[in-house]
Amino acid sequence: MTKKMPIVTKPESEHELESRVLALAGQTLSQLADKIHWPIPENLKHDKGWVGQLLEVHLGASAGNLSEPDFQNIGIELKTIPLTAKHKAKETTYVCAVPLLNNIGLSWEDCCVYHKLSRVLWLPVEAEATIPLGKRRIGRGFIWSPSTEEMDLLKTDWEEFMELISLGQVETITAHLGEYLQIRPKAANASVVTTGIGLNGMRKQTLPRGFYLRTSFTNHILESFFKN
DNA sequence: TGGTGATCATAC
DNA sequence: GTATGATCACCA
């Protein structure tokens with residue numbers, strides 16, 4: 001998919017972004033794609049980021065592939081939530097790369113998970129395989145910040161992970177670990193390497209990994225917002 | 001069938 | 001390789 005010039009200006013306030021989000025609710029992906037003349041892929045197999053990028057354009061996200069929030073001027077990160085037929089999160093949510101080096105003494109408040117999740121626009125999108133991509137509908141998005149309880153849950157997992165990593169135990173970490181946060185590979189393929197800490201404190205080449213939110217956590221966020 | 005490990009596209 | 005955006009694919 002080729003990048004196009006922005007057709008929507010960046011939102012100048014949370015309120016403006018919220019208005020745009022509400023206007024998207026109920027629209028189909030083909031409606032949005034047609035407006036900006038984007039072809040609709042048969043499926044997402046070779047276009048895994050297509051839905052997210054489509055919505056970025058329509059909401060005026062501006063950060064591109066910079067390490068900045070999608071809406072940098074108002075400090076908001078956009079995350080789509082693919083939904084099952086039962087309106088549960090279908091996939092985990094990627095947060096950020098796991099720091100495998102120079103992480104001694106890194107505090108929760110200085111880590112990428114804390115910063116990425118401090119202010120998030122969650123945008124649910126139908127994602128059942130039985131619905132053709134173009135017919136999938138956008139849901140009611142909302143802007144969120146973690147509660148102190150949610151923060152504590154994530155912090156607990158994060159600290160457990162970072163202790164293992166700083167001790168050179170990154171290879172022992174599997175996606176089974178962590179209550180609400182998990183660590184999984186984040187790379188083009190399993191042969192990609194980055195530098196991390198080995199068992200003896202020496203540097204060691206290892207697979208790049210990312211922090212992901214479990215679906216149980218995003219489902220909790222959805223339920224919290226949509227109850228009432 | 002859900003969750004883990006692997007993977008896909010693209011810009012730089 | 002690292003950043004962005006994520007979903008795929010297979011096995012328990």
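In what follows, chains carry the letters A, B, and so on, assigned in the order in which the sequence lines appear, proteins first and then strands, with residues in each chain numbered from 1. Side-chain atoms are counted along with the backbone in the values below, which use heavy atoms only and exclude waters and symmetry mates.
Contact annotation: A/Thr194 reaches the phosphate of C/dT2 (side-chain N/O to OP1 or OP2, under 4.0 Å). Here A/Thr80 does not reach the OP1 or OP2 of C/dG5: none of its side-chain N or O atoms lies under 4.0 Å away. A close approach under 4.0 Å does not occur between any side-chain nitrogen or oxygen of A/Lys88 and OP1 or OP2 of B/dG3. Dashed line: the shortest gap from a side-chain N or O of A/His46 to OP1 or OP2 of B/dC8 is not under 4.0 Å.
Put simply, OH on A/Tyr212 is 13 Å from P on B/dT7, counting in whole angstrom units. Rounding to whole angstrom units, CD1 of residue A/Ile173 and P of B/dT4 are separated by 14 Å. If you take CG of A/Leu55 and C1' of C/dT7, they are 15 Å apart, rounded to a whole angstrom. Rounded to an integer number of Å, the gap from CG of A/Leu44 to P of C/dA6 is 11 Å. Across the protein-nucleic acid pair, A/Trp122 atom CH2 and C/dA6 atom P stand 10 Å apart, rounded to whole Å. Distance CG (A/Asp70) to C1' (C/dA3): 12 Å, rounded to an integer number of Å. Here the P atom of nucleotide C/dT7 and the CG atom of A/Asn189 are 20 Å apart, to the nearest Å. A/Gln182 has its CD atom 14 Å from the C1' atom of C/dA6, to the nearest Å.
Nearest-nucleotide positions on DNA chain B for A/Lys45 and A/Glu91 put A/Glu91 closer to the 5' end. When each of A/Lys48 and A/Lys86 is assigned the nucleotide of DNA chain B bearing its nearest heavy atom, the one mapping closer to the 5' terminus is A/Lys86. If A/Ile81 and A/Val193 are placed on DNA chain C by their nearest nucleotide, the residue sitting closer to the 5' end is A/Val193.
Annotation: A/Phe226 is in aromatic contact with A/Phe142 [ring centroid separation under 6.0 Å].
Between the side chains of A/Thr194 and A/Gln205, no donor-acceptor pair is found at a separation under 3.5 Å. Inspection of the A/Ser216 and A/Asn219 side chains reveals no N or O donor paired with an N or O acceptor under 3.5 Å. Between the side chains of A/His220 and A/Glu150, at least one donor N or O sits under 3.5 Å from an acceptor N or O. Checked by atom type, the side-chain pair A/Ser145/A/Arg119 shows a donor-acceptor distance below 3.5 Å.
Nucleic acid contact class of A/Ala97 (heavy atoms, under 4.0 Å, all strands): sugar-phosphate only. Note on A/Val51: nothing from the nucleic acid sits closer than 4.0 angstrom, heavy atoms only. Among the protein residues, A/Gly49 comes within range of the nucleic acid bases, having at least one heavy atom under 4.0 Å from a base atom. Within the 4.0 angstrom heavy-atom criterion, only backbone atoms of the sugar-phosphate kind lie near A/Glu77; the bases stay farther away. Contacts of A/Thr92 with the nucleic acid, taken as non-hydrogen atoms under 4.0 Å apart, include base atoms.
A donor N or O paired with an acceptor N or O is found under 3.5 Å between the base of C/dT4 and the side-chain atoms of A/Lys186. For C/dT7, its base sits under 3.5 Å from the side chain of A/Arg184 at one donor and acceptor pair at least. No donor-acceptor contact under 3.5 Å links the side chain of A/Lys90 to the base of C/dT7.
Among the nucleotides C/dG5, C/dG1, B/dA6, the one closest to any side-chain atom of A/Val192 is C/dG1.
Both tests do not hold together for A/Lys155 against A/Tyr114: distance to the six-membered ring centre under 6.0 Å, angle to the ring axis within 45°.
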